[in-house]
Amino acid sequence: MTDIAYRLAQQRSIVTALPGPRSAVLAHRRGQAVAAGVGSAVPVYAADADGGVIVDVDGNSFIDLGSGIAVTTVGAANPEVAAAVAEQARRFTHTCFMVTPYEGYIEVAEQLAALTPGAHDKRTVLFNSGAEAVENAVKVARLATGKTAVVAFDHAYHGRTNLTMALTAKSMPYKARFGPFAPEVYRMPTSYPYRDRLTGELAARRAIDQIDKQIGAESLAAIIIEPIQGEGGFITPAPGFLPALADWATQHGVVFIADEVQTGFARTGAWFASEHEQIEPDIIVMAKGIAGGMPLAAITGRAELLDAVHPGGLGGTYGGNPVSCAAALATLHTMHDLDLPARARAIEHAIKPRLQESADRTGVIGDVRGRGAMLAIEIVHPGTTDPDPDLTTWIAAEALARGVVLLTCGTHSNVIRLLPPLVISDDLLDEAITVLDDVLHAAAGRR
Ligand SMILES: Cc1ncc(COP(=O)(O)O)c(CNCCCC(=O)O)c1O
């Protein structure tokens, strides 16, 4: 990406100790006002952001490889998004679509019907967060099928509400001591090629056999799965796993829900990750990249499923907020205009080989995986597949000290994930990967 006019200098520049003095003051104030349960990945506080950089309150400029957890795909201050937000806010910020509806909501729904996989008749409902959208996808599946059981998978992440915690696999920090959790949720083994060494078909057969024995299709309302598992560690299933599950679901009257909150909207090199294996989900859950940073989430699915719900059965006060809808329309226009799915594929081609070279030379990377601009390295003790969460934490902290914001994830907290804004410049991305390679070599020296 070389033809974007950025508002901020696209540079890595550390000018104070980290955290700097202004961040330190904010951290103190935070301790007196914000609940300790809300964590932050980095100890610095944002003052500005644009393209591929975040500038903190002390003037430090960081290369952003997190995109606010896969949200600011078009940048954190995309000018077209900012203008659309300002224009809509000047007219009205809220009327509640369930009270006085407005065109923006309909336009977003029309675009999601056209963009999501499948030529079937679709309907959309808009929400505020991914978890809220997941909750409603399950509501629709249960009502439409008259069945109650839901299958989720090992390493899954679906949110922090009661049902989505039940669907989420990792206990700490997401679920510990927050129970009891919603019933009728069953966990099945997924495809984790680095660790199970199974083909997609065999992994799917293993899961389906367990579904048959533990639940039975006659009780099963839905299967929900992330095409690439995000918080669980950017686990990319073996080819054939997802199609086999989707085909089985279709054959047995089970709703196939693709949770594309983290994989959606060009992130993996297609508009939606389901496309990589020609899957047409019955319901697709979306959020994060949808609206350039404004809070918006959606479910888009088969009309016969969503329209099975009685009038008034779906909604919420802020769902499809008009300012967020305006942001989404500007975001989708930008994604089309810049062909960001192609940009994500170019990013993969540029940096995945470099990550593999780092793996070959340092020995601390057990697996390089992911698609498009959703890439990850799994950190292990050299010569083993044993997770090394401590070294993972050190790598992310060292990268920050050198001016690069990196996020970690994974059931074993041993995955470094790369989620750059798709509008990041080629030079800045190249610089960030060079910094990461240097940090990985330093990490190898610690072992
Ligand atoms: C696949 C998938 N489904 C659902 C969700 C939930 O989306 P919300 O918008 O955070 O509710 C996510 C959110 N992932 C980031 C969570 C960050 C945190 O809370 O620690 C996801 O990745």
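For ligands, and for the atoms within them, numbers begin at 1 and follow the listed sequence. Residue numbers start at 1 and run along the sequence shown.
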Undergrad: Step by step, work out the side chain to side chain contact (heavy atoms under 4.5 Å, CB included) result for Thr72 and Asp64.
TA: CA-CA 10 Å; Thr72 53; Asp64 176 15; 4.2 Å; yes

Undergrad: Taking 4.0 angstrom as the limit, do Glu135 and Lys139 come out as a salt bridge?
TA: no

Undergrad: Taking non-hydrogen atoms only, is Glu132 closer than 4.0 angstrom to ligand 1 via side chain, backbone, both or neither?
TA: neither

Undergrad: Around atom 5 (C) of ligand 1, find the nearest protein heavy atom and jot down its residue, atom name and distance.
TA: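 For atom 5 (C) of ligand 1, the nearest protein heavy atom comes out as Tyr157 CE2, 3.7 Å.
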
Undergrad: Report the nearest protein non-hydrogen atom to atom 3 (N) of ligand 1: residue, atom name, distance rounded to 0.1 Å.
TA: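 Protein heavy atom with the smallest distance to atom 3 (N) of ligand 1: Asp259 OD2, 2.7 Å.
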
Undergrad: Can you classify the ring geometry of Trp248 versus His252 as parallel (below 30°), tilted (30 to 60°) or perpendicular (above 60°)?
TA: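 Because their plane-to-plane angle is under 30°, the rings of Trp248 and His252 count as parallel.
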
Undergrad: Do Arg160 and ligand 1 have an N or O pair less than 3.5 Å apart?
TA: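 Min N/O separation from ligand 1 is below 3.5 Å for Arg160.
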
Undergrad: Do any N/O atoms on Gln262 end up under 3.5 angstrom from N/O atoms on ligand 1?
TA: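 So ligand 1 has an N or O lying under 3.5 Å from an N or O of Gln262.
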
Undergrad: Check whether the side chains of Lys288 and Ser67 place a donor and an acceptor atom closer than 3.5 Å, and report yes or no.
TA: no

Undergrad: Determine, for Arg205 against Asp209, whether the closest basic-nitrogen to carboxylate-oxygen distance falls under 4.0 angstrom.
TA: yes

Undergrad: When you measure from atom 10 (O) of ligand 1 to the protein, is at least one non-hydrogen atom found at a distance under 4.0 Å?
TA: no

Undergrad: Within the structure, is a non-hydrogen atom of Lys288 found at a distance of less than 4.0 Å from ligand 1?
TA: yes

Undergrad: Going by an N to O cut-off under 4.0 Å, is there a salt bridge joining Arg417 and Glu231?
TA: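 Between Glu231 and Arg417 there is a salt bridge, with a charged N closer than 4.0 Å to a carboxylate O.
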
Undergrad: Have a look at ligand 1 and work out which part of Ser129, if any, has a heavy atom under 4.0 Å from it: side chain, backbone, both or neither.
TA: both

Undergrad: Tell me whether the centres of the aromatic rings in Tyr318 and Phe127 are closer together than 6.0 Å.
TA: no

Undergrad: Could you find the nearest protein heavy atom to atom 4 (C) of ligand 1 and give me its residue, atom name and distance?
TA: His158 O, 3.3 Å

Undergrad: When only distance counts, is Gly130 in polar contact with ligand 1, meaning an N/O pair under 3.5 Å?
TA: yes

Undergrad: With side chain to side chain donor-acceptor pair (under 3.5 Å) as the test, would you mind laying out the steps for Thr268 and His276 before giving the verdict?
TA: CA-CA 9 Å; Thr268 69; His276 293 300; 2.8 Å; yes

Undergrad: Is there a donor-acceptor contact under 3.5 Å from the side chain of Glu226 to the main chain of Thr263?
TA: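 Pair absent, no side-chain N/O of Glu226 close to backbone of Thr263.
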
Undergrad: For ligand 1, which atoms, with element, lie under 4.0 Å from some heavy atom of Ile69?
TA: 15 (C), 17 (C)

Undergrad: Atoms of ligand 1 less than 4.0 Å from Glu226 heavy atoms?
TA: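 In order of numbering, the contacting atoms are 1 (C).
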
Undergrad: As an exercise, identify every atom of ligand 1 less than 4.0 angstrom from a heavy atom of Ala131.
TA: 6 (C), 7 (O), 8 (P), 11 (O)

